[in-house]
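Worksheet for the structure shown next.
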Amino acid sequence: MSDVAKPKNPEDDWKIWLVVNPATWLMPYLFMVLGIAIAVHVVVFSVGLGW
Amino acid sequence: MADQSLSGLTEQQAKEFHEQFKVTYTAFVGLAALAHLFVIAANPWW
């Protein structure tokens with residue numbers, strides 16, 4: 001296993017798109033980010049730190 | 001079929017998409033940082 005080429009980041013970051021197809025996964029990811037943002041806001045407001 | 005990537009994108013497409021992804025992601029982080037600075041200015045949470 002050790003002779004596998006180790007990635008060098010951030011230069012090799014772009015290679016993620018050789019594994020994950022953004023045409024399929026970009027929108028689901030963005031909706032997950034939106035979900036997390038909404039969840040964080042709900043928690044922040046529920047602990048009374050909202051305005 | 002052997003030399004195709006797992007995602008089906010070519011190296012050139014992946015690099016091209018990544019350039020746009022970096023721009024959009026940087027803007028997202030910038031805006032989030034700005035929003036956090038406003039909250040800190042208005043109502044620090046510590």
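These numbers were taken from a predicted model, which means no experiment stands behind them.
Note on Leu49(A) and Val39(B): same hydrophobic cluster, where clusters join Ile, Leu, Val, Met, Phe, Trp and Tyr whose side-chain heavy atoms are under 4.5 Å apart, directly or indirectly. Phe31(A) and Ile38(A) fall within a single hydrophobic cluster, where Ile, Leu, Val, Met, Phe, Trp and Tyr side chains are chained together by heavy-atom contacts under 4.5 Å. Leu34(A) and Ile36(A) fall into different hydrophobic clusters, defined by Ile, Leu, Val, Met, Phe, Trp and Tyr side-chain heavy atoms under 4.5 Å apart, directly or through other members.
Proximity of Val44(A) to Trp45(B): side-chain heavy atoms (C-beta onward) are nowhere separated by under 4.5 Å.
Under the side-chain contact (heavy atoms from CB on, under 4.5 Å) rule, Ser5(B) has a single partner from Asn21(A), Val19(A), Leu18(A), which is Leu18(A). Residue Trp14(A) forms a side-chain contact (heavy atoms from CB on, under 4.5 Å) with just one option from Glu11(B), Glu19(B), Glu16(B), and that option is Glu11(B).
Contacts with chain B were tallied for Ile16(A), Val47(A), Asp13(A), Leu26(A); Asp13(A) has the most, counting heavy-atom pairs under 4.5 Å.
With a 6.0 Å radius and a threshold of 12 heavy atoms from other residues, nucleotides or ligands, Trp46(B) has its CH2 atom above the threshold. Atom OH of Tyr25(B) sits in a sparse spot, with 12 or fewer heavy atoms from other residues, nucleotides or ligands closer than 6.0 Å.
For the residue pair Leu9(B) and Trp17(A), the shortest heavy atom distance occurs at CB-O, 3.6 Å.
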Item to complete: Kindly indicate, with the supporting measurements, whether the criterion side-chain contact (heavy atoms from CB on, under 4.5 Å) is fulfilled by Val33(A) and Phe28(B).
Response: CA-CA 11 Å; Val33(A) 169; Phe28(B) 174 79; 4.1 Å; yes

